[in-house]
Amino acid sequence: MKPASAALLAALTLSPWPAAAQDAPDAPPEAAPVETPAAPPALPTLPERLGEAPGTWDLSRDGTNRRCVMTLALDSGDAGRRLRFPAGCRRALPIMNGIAGWLFVNDGVSLVDKNVRPILEFVRRSDKRSLVAKLENGEHYSLVPLDTVGMRPAAAAAAEAEPTAATSPAPSPLQAAAPLQAELQPSATATAVAPGPAPGLYTLDRFQERDTCRLTLDAAGGGVHVVPGCHDGGLEVFDPVRWRYANGRMTLTAKRGHSIDLVPSGDGRWRRDPEVGTTFVLRRVE
């Protein structure tokens, strides 16, 4: 054997074989990652464009029980766009006596007089879930959407909105506004994690108005039924049809898909969180 061939043979004998060539037991196949289903996107609340603003809104004077449920229409009138509200609104909120129309300005709503001069100029709160108007005399008014074109599922909204309408960003939590009465404030024991709401009959309290409307909650995660005789326009327009409880919050979902969250405040009461506009508290009665 030639010296060069002998040296090559010795080198190959002493060198380890590649790991891939070695005999080894087959490794068990890796388990496929479990995909967590994404949560459904939250429906937008405030309109991003004119075509999303028409619908029903709740107007209230902060810190009082004065409120009005109004409807903003898309058709033009003598003073901007048309709006409708019951006669009782003029008594509850005298400022409504001068309002003749509305405009969509800078992503906000302006309620104007017959000469199209602004009376209440609403701008977005930082939470982007409600609008606020501040007057020189210190009064604050809240405008909260109840059932607008922009809040409805895409299929329904597309049929009603103008051609340029599009889905707006997901909302952030509501911002606190009107203070709750002392008896409606969370008790010291309510700061701990509370159990979910018990099914049964609940009544709706509004600031100083009690038992404005009653509704029943079915078994956990079930339906919601408004009891006949309800005289709360806001809840009737919202029209809740189901509820669920998760992460310490009760969520009421309306027929058209939008929802509000409530948190426990003690003694079987659940308040909207954060509170905005007129107080919204559900109180269990049986």
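Because the structure is predicted, anything quoted here is derived from the model rather than measured.
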Quiz prompt | Pair Ser130-Arg125, side chain to side chain donor-acceptor pair (under 3.5 Å): steps then yes or no | solution = CA-CA 6 Å; Ser130 63; Arg125 283 191 168 96; 3.2 Å; yes

Practice problem: Apply side chain to side chain donor-acceptor pair (under 3.5 Å) to Asp261 and Thr251, showing your working. | Solution: CA-CA 5 Å; Asp261 290 334; Thr251 301; 2.7 Å; yes

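For CG of Asp75, the number of neighbouring non-hydrogen atoms (other residues, nucleotides, ligands) closer than 6.0 Å is greater than 12. Heavy-atom neighbours of Asn247 CG from other residues, nucleotides or ligands within 6.0 Å: at or below the threshold of 12.
When atom types are taken as modelled, the side chain of Asn106 and the backbone of Gly108 share no donor-acceptor pair closer than 3.5 angstrom. A side-chain donor-acceptor contact under 3.5 Å links Arg124 to the backbone of Asp107. Using modelled atom types, no side-chain atom of Trp102 and backbone atom of Val112 make a donor-acceptor pair closer than 3.5 Å. The closest donor-acceptor contact from the side chain of Trp270 to the backbone of Gly266 lies at 3.5 Å or more, if one exists at all. Formation of a donor-acceptor pair under 3.5 Å by the Arg81 side chain with backbone atoms of Leu74 is found in this model. The main-chain N or O of Arg61 is found under 3.5 Å from a side-chain atom of Thr64 such that the two form a donor-acceptor pair.
Take Asn137 and apply the side chain to side chain contact (heavy atoms under 4.5 Å, CB included) test, not counting sequence neighbours, and it matches Leu135, Glu139. Residues meeting the salt bridge (charged side-chain N to carboxylate O under 4.0 Å, His left out) test with Arg244, sequence neighbours left out: none. Applying the ring-ring contact (aromatic ring centres under 6.0 Å, His included) test to Tyr141 and every residue at least two apart in sequence or in another chain returns nothing. Under the rule for a salt bridge (charged side-chain N to carboxylate O under 4.0 Å, His left out), Arg66 has no partner lying at least two apart in sequence or in another chain. The salt bridge (charged side-chain N to carboxylate O under 4.0 Å, His left out) test applied to Arg284 returns no partner, not counting sequence neighbours.
Grouping the Ile, Leu, Val, Met, Phe, Trp and Tyr side chains by contacts below 4.5 angstrom, directly or via other members, places Ile260 apart from Val69. Follow the hydrophobic side-chain contacts under 4.5 Å out from Leu282 and you never reach Leu201; the two are in separate clusters. Follow the hydrophobic side-chain contacts under 4.5 Å out from Leu146 and you never reach Trp243; the two are in separate clusters.
Contact check on Asp273 versus Arg249 returns a salt bridge, with a Lys/Arg side-chain nitrogen under 4.0 Å from an Asp/Glu carboxylate oxygen.
Here CZ of Arg283 is found 10.5 Å from OG of Ser265. Values are rounded to the nearest 0.5 Å.
When only modelled atom types and interatomic distance are considered, Asp211 and Thr203 share a side-chain donor-acceptor pair under 3.5 Å.
Shortest non-hydrogen contact noted between Tyr202 and Pro197 is OH-CB, 3.6 Å.
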Acceptor/donor pairs from residues 228-239 side chains to any protein atom, 3.5 angstrom cut, sequence neighbours excluded:
| residue | atom | partner | partner atom | Å |
| --- | --- | --- | --- | --- |
| His231 | ND1 | Thr212 | O | 3.2 |
| Asp232 | OD1 | Arg206 | NH2 | 3.1 |
| Asp232 | OD1 | Gly234 | N | 3.3 |
| Asp232 | OD1 | Leu235 | N | 2.9 |
| Asp232 | OD2 | Arg206 | NE | 3.0 |
| Asp232 | OD2 | Thr212 | OG1 | 3.3 |
| Asp239 | OD2 | Lys255 | NZ | 3.4 |

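Residues Phe280 and Arg271 are not in side-chain contact: their nearest non-hydrogen atoms beyond the backbone lie 4.5 Å or more apart.
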